[in-house]
Protein chains: 2
Amino acid sequence: MPRVVTIRTVAERAGCSIATVSRVINGSARTSAEVEARVRAAIEELGFRPSEIGRSLKTLRARTLGVVIPSLTNPVFAASVAGMEAEARRRHHTLLLTATDYDAAREPEVVETLVAQSVAGLVLTVTDADDNPTLDRLDAEGIAYVLIYNEPRRTERAAVSVDNAGATFALAKAMIAAGHRRVIYVAGRFATSDRARTRYLGYLAAMSEAGLAAEAPLELDYLADPAGHGAALAGVFGPPGRPTAALCSNDLLALSVMAALRALGLKVPQDVSVAGFDGIALAGAAYPSLATVDTPTRRMGERAVEKIFELLDGSAAPTLERLPFELRPGGTLAPAPDASPVASARRPDAASPSFPASPEPPSE
Amino acid sequence: MPRVVTIRTVAERAGCSIATVSRVINGSARTSAEVEARVRAAIEELGFRPSEIGRSLKTLRARTLGVVIPSLTNPVFAASVAGMEAEARRRHHTLLLTATDYDAAREPEVVETLVAQSVAGLVLTVTDADDNPTLDRLDAEGIAYVLIYNEPRRTERAAVSVDNAGATFALAKAMIAAGHRRVIYVAGRFATSDRARTRYLGYLAAMSEAGLAAEAPLELDYLADPAGHGAALAGVFGPPGRPTAALCSNDLLALSVMAALRALGLKVPQDVSVAGFDGIALAGAAYPSLATVDTPTRRMGERAVEKIFELLDGSAAPTLERLPFELRPGGTLAPAPDASPVASARRPDAASPSFPASPEPPSE
DNA sequence: GGCGCGCCTGAAACCGTTTTCACAGCCGTT
DNA sequence: AACGGCTGTGAAAACGGTTTCAGGCGCGCC
């Protein structure tokens with residue numbers, strides 16, 4: 001028999017009307033000091049806590065924020081959700097969390113679920129931010145939302161992201177600067193991640209700028225058993241003239257690729273350099289430490305929630321906002337083993353980071 | 001102007017009463033085929049979706065589940081939340097997610113928040129499952145909850161866990177069987193994690209059984225900068241006669257400890273063996289792969305949600321349920337470098353796992 | 001042909017809160 | 001002394017559903 005004590009119980013106890021109790025609770029209108037004291041005492045004694053449901057029904061707006069992410073298993077999303085949670089709590093809101101498991105078909109239904117809960121707003125990472133009926137519907141209904149990690153081309157969509165293509169461009173350039181000529185882009189779930197696709201464009205641009213031939217991207221499912229990776233990677237790294245560097249679309253994938261390469265008997269970074277994207281905390285604890293693009297994952301979550309409230313109170317129009325990233329050097333990226341037989345065989349040194357931490361490495 | 005279409009709009013369009021619309025939606029009573037068709041058509045045309053808030057108000061129970069965890073940043077909690085989310089979705093419920101950041105003082109307030117939302121039940125990991133006023137309050141109010149990873153001594157508390165002490169006992173025994181004599185237990189946030197304390201008991205038991213002297217536990221904050229770890233670890237592993245093995249209270253900590261040991265110039269596992277606890281996905285991708293206790297993290301989350309519903313429909317009484325664990329061998333646990341100068345210096349081999357995967361290794 | 005029983009249906013109450021509206025009392029001003 | 005405004009309060013109307021209750025209608029059975 002939970003919730004036996006409602007605002008009516010309190011009013012009775014305090015000897016006033018429920019309207020007055022409501023006023024005391026919300027400070028929505030002045031009340032006499034005497035009545036206020038009685039009400040506060042009654043609330044205290046009864047342990048009363050107003051029902052958010054009752055409140056929401058009147059307001060037609062719950063103090064909750066809907067969150068839609070592909071998966072909590074990827075630490076990059078877990079970290080950004082942690083940021084959202086902290087910021088939401090600061091603003092007396094709670095997160096309603098849902099995951100799509102990278103299934104685009106699930107997006108409309110989870111958004112429906114959240115909208116049915118009358119959330120104040122939504123934070124989402126979708127598979128495709130441009131061609132997306134679900135987002136169109138939110139636009140049409142005027143429901144506040146902010147994308148995170150997506151970079152919609154349509155600038156009237158609110159989003160918090162990083163320069164995915166630019167960062168990958170810089171990262172690929174760093175690999176090229178380290179002497180790598182055959183660099184392969186490895187993606188997880190290419191089809192269901194516009195991030196992976198956008199990052200690929202950055203890779204292509206860097207290869208093209210350096211006059212190098214781009215490789216066909218290698219697509220791996222990083223949720224599947226790493227054993228599956230082995231076969232795919234063996235196909236690419238087995239033949240002679242194999243790539244000397246793997247640029248992975250995210251850190252989780254990169255760590256998995258490193259394990260798979262080792263299982264194939266290839267040494268990282270002596271045989272193959274590896275880099276990731278995201279800057280998850282564990283990338284630094286890996287051995288060798290993972291070279292990656294450090295994105296402010298937690299801050300992005302916080303910022304997304306801030307943005308929701310800006311949209312709600314009308315203090316800002318929806319915009320695409322790119323937070324700064326940083327190239328993070330790591331032991332997994334070393335100078336290329338000299339592919340040309342004429343050049344001297346310089347030993348790569350795993351211990352020394354091989355590219356500067358500035359976003360734009362020197363152009364030579 | 002969101003939510004312009006309510007059950008009343010639908011009723012009008014279908015030419016019937018709102019009661020009938022409700023009946024069609026919920027199948028709570030028979031309706032004529034003709035009316036039902038009209039109602040369904042109206043719902044379709046209007047894109048109507050019943051408000052969960054309106055529904056909950058009558059029911060006094062929302063179709064949401066409150067989740068309280070220390071932090072999403074630890075993959076073990078992220079994975080269990082992923083399990084909860086999947087199971088909750090299966091049952092048409094949504095998660096309300098909150099984190100305490102390992103702050104016991106925050107527990108009562110976040111639980112208050114969730115209760116105010118009229119959640120159907122709660123899944124929580126608390127700092128102390130035995131002496132906990134917040135849980136007492138939930139008991140008193142008859143609100144359904146299930147603990148996860150906690151192992152309350154009070155058996156009338158519902159919980160899904162593993163045998164924390166038993167698993168650590170087995171893990172410590174495996175280390176001892178590998179020849180380690182000085183094994184140190186390294187904990188993160190000892191004060192705010194009854195898991196860390198319970199696991200320590202398992203370590204103590206194993207050391208005692210083997211007639212070895214237990215070391216004082218080393219407490220590290222794995223959220224702090226790993227640089228801080230360095231100093232603490234240097235104090236323990238610097239002096240001669242240092243421990244040859246570190247048993248860490250969780251995987252995240254273990255990976256951080258590995259990085260810190262390397263920074264001190266110590267090799268894992270040649271100089272120091274390391275083991276963790278939890279079995280997070282990335283433990284397997286680490287190099288060397290992390291020896292750990294593999295717990296069914298995701299499954300535990302699913303099971304906790306199942307249990308909530310068992311409690312709600314009265315089909316089961318609250319109990320402490322321990323799911324099976326498995327020792328997972330890993331390259332970080334190798335035979336001890338022979339401490340006794342008289343014995344021959346046998347080279348430890350990082351590649352070969354050094355303990356069997358069975359929960360109870362041979363007692364010699 | 002009348003009676004009774006199901007089957008569908010609608011009116012209305014209810015859930016817990018916020019908010020509007022009206023009003024009583026008081027004070028200061030003219 | 002009358003009047004206007006201001007302050008504090010309560011009654012009541014929402015908000016969007018579910019559910020109870022009563023009743024209308026059609027049908028079968030005596």
Side-chain angles (χ1 to χ4, degrees), chain A residues 1-40 42-43 46-64 92 112-113 115-120, chain B residues 1-40 42-43 46-64 92 112-113 115-120:
Chain A
M1 67 198 80
R3 180 154 300 286
V4 287
V5 38
T6 76
I7 199 173
R8 252 163 275 271
T9 329
V10 175
E12 211 168 316
R13 177 88 159 221
C16 67
S17 73
I18 62 170
T20 301
V21 176
S22 176
R23 283 189 268 257
V24 169
I25 293 172
N26 302 315
S28 48
R30 292 194 50 85
T31 49
S32 72
E34 185 207 0
V35 173
E36 175 168 345
R38 285 212 313 274
V39 170
R40 294 209 183 281
I43 288 177
L46 296 167
F48 170 70
R49 181 109 192 191
S51 156
E52 279 295 331
I53 292 196
R55 187 198 305 257
S56 305
L57 182 56
K58 185 60 189 181
T59 315
L60 294 185
R61 196 92 305 176
R63 293 201 292 202
T64 56
H92 306 287
E112 278 298 320
T113 310
V115 170
Q117 304 270 3
S118 308
V119 292
Chain B
M1 66 197 81
R3 180 154 300 286
V4 287
V5 40
T6 77
I7 198 173
R8 256 161 271 271
T9 328
V10 175
E12 210 169 316
R13 176 89 159 221
C16 68
S17 74
I18 62 168
T20 300
V21 175
S22 176
R23 284 188 269 257
V24 169
I25 293 172
N26 302 315
S28 49
R30 292 196 48 87
T31 51
S32 72
E34 185 207 0
V35 172
E36 175 168 345
R38 284 213 311 274
V39 170
R40 294 207 183 283
I43 290 177
L46 296 167
F48 172 69
R49 180 109 191 192
S51 156
E52 279 296 329
I53 292 196
R55 187 198 308 255
S56 305
L57 184 56
K58 185 64 185 181
T59 316
L60 293 187
R61 199 87 307 174
R63 294 201 292 203
T64 55
H92 306 288
E112 279 298 320
T113 309
V115 169
Q117 304 269 3
S118 306
V119 294

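So that the names make sense, note that chain A is the first sequence line, chain B the second, and so on, each numbered from 1.
In terms of heavy atoms, A/Ile43 sits closest to A/Val10 at CG1-CG1, 3.8 Å. Closest approach of B/Pro50 and A/Ala116 over heavy atoms only: O-CB, 3.8 Å. Between B/Arg63 and B/His92 the shortest heavy-atom distance is CB-O, 3.8 Å.
We find that CZ of A/Arg49 is positioned 15 Å from C1' of C/dG16, with the value rounded to whole Å. One can place CD of A/Glu12 at 13 Å from P of C/dG16, the figure rounded to the nearest angstrom. Separating the CD atom of A/Gln117 from the C1' atom of D/dG16 is a distance of 14 Å, rounded to the nearest angstrom. For B/Arg55 and C/dG16, the CZ to P distance is 18 Å, given to the nearest whole Å. Residue A/Lys58 contributes atom NZ, which lies 12 Å from atom C1' of D/dG16 at whole-angstrom precision. In this entry the distance linking CG of A/Leu60 with P of D/dA14 reads 14 Å, nearest Å. Going from atom CZ of B/Arg61 over to atom P of D/dT18 covers 17 Å, rounded to whole Å. Protein atom CD1 of B/Ile7 is 13 Å distant from nucleotide atom C1' of C/dG10, rounded to whole Å.
A/Arg49 contributes atom CZ, which lies 16.0 Å from atom OG1 of A/Thr6 (distance to the nearest 0.5 angstrom).
Contact of B/Arg8 with D/dG17 (side chain to base): a donor-acceptor pair of N or O atoms is detected under 3.5 Å.
Partners of A/Ala19 by side chain to side chain contact (heavy atoms under 4.5 Å, CB included), not counting sequence neighbours, listed by chain and number: A/Ser17, A/Arg23. Applying the side chain to side chain contact (heavy atoms under 4.5 Å, CB included) criterion to A/Gln117, with sequence neighbours excluded, gives A/Leu96, A/Val119, B/Glu52, B/Thr64, B/Thr94. In this structure, the side chain to side chain contact (heavy atoms under 4.5 Å, CB included) partners of B/Leu57, at least two apart in sequence or on a different chain, are A/Ile53, A/Leu57. A/Ile18 is linked by a side chain to side chain contact (heavy atoms under 4.5 Å, CB included) to A/Ile7, A/Arg8, A/Ala11, counting only residues two or more places apart in sequence or in another chain. Every residue was checked against the salt bridge (Lys or Arg N to Asp or Glu O under 4.0 Å) condition with B/Glu12, not counting sequence neighbours, and none meets it. Judged as a side chain to side chain donor-acceptor pair (under 3.5 Å), and not counting sequence neighbours, A/Thr113 has no contacts.
Counting only residues at least two apart or in different chains, salt bridge (charged side-chain N to carboxylate O under 4.0 Å, His left out) contacts with residues 25-35 of chain B comprise B/Glu34-B/Arg38.
The 5' end of DNA chain C is approached more closely, in terms of each residue's nearest nucleotide, by B/Gly15 than by the other of B/Thr59 and B/Gly15.
Taking a 4.0 Å limit (strictly below) on heavy-atom distances, residues 27-40 of chain A does not reach DNA chain C anywhere. Within a heavy-atom distance below 4.0 Å of DNA chain C, the residues of residues 16-25 of chain A found are A/Ile18, A/Ala19, A/Ser22, A/Arg23.
Each end of the helix from C/dG1-D/dC30 to C/dT30-D/dA1 gets its own rotation axis from five pairs of C1' atoms, and the angle between them is 60° to the nearest 10 degrees.
A/Ile53 comes within 4.0 angstrom of nothing in the nucleic acid, heavy atoms only.
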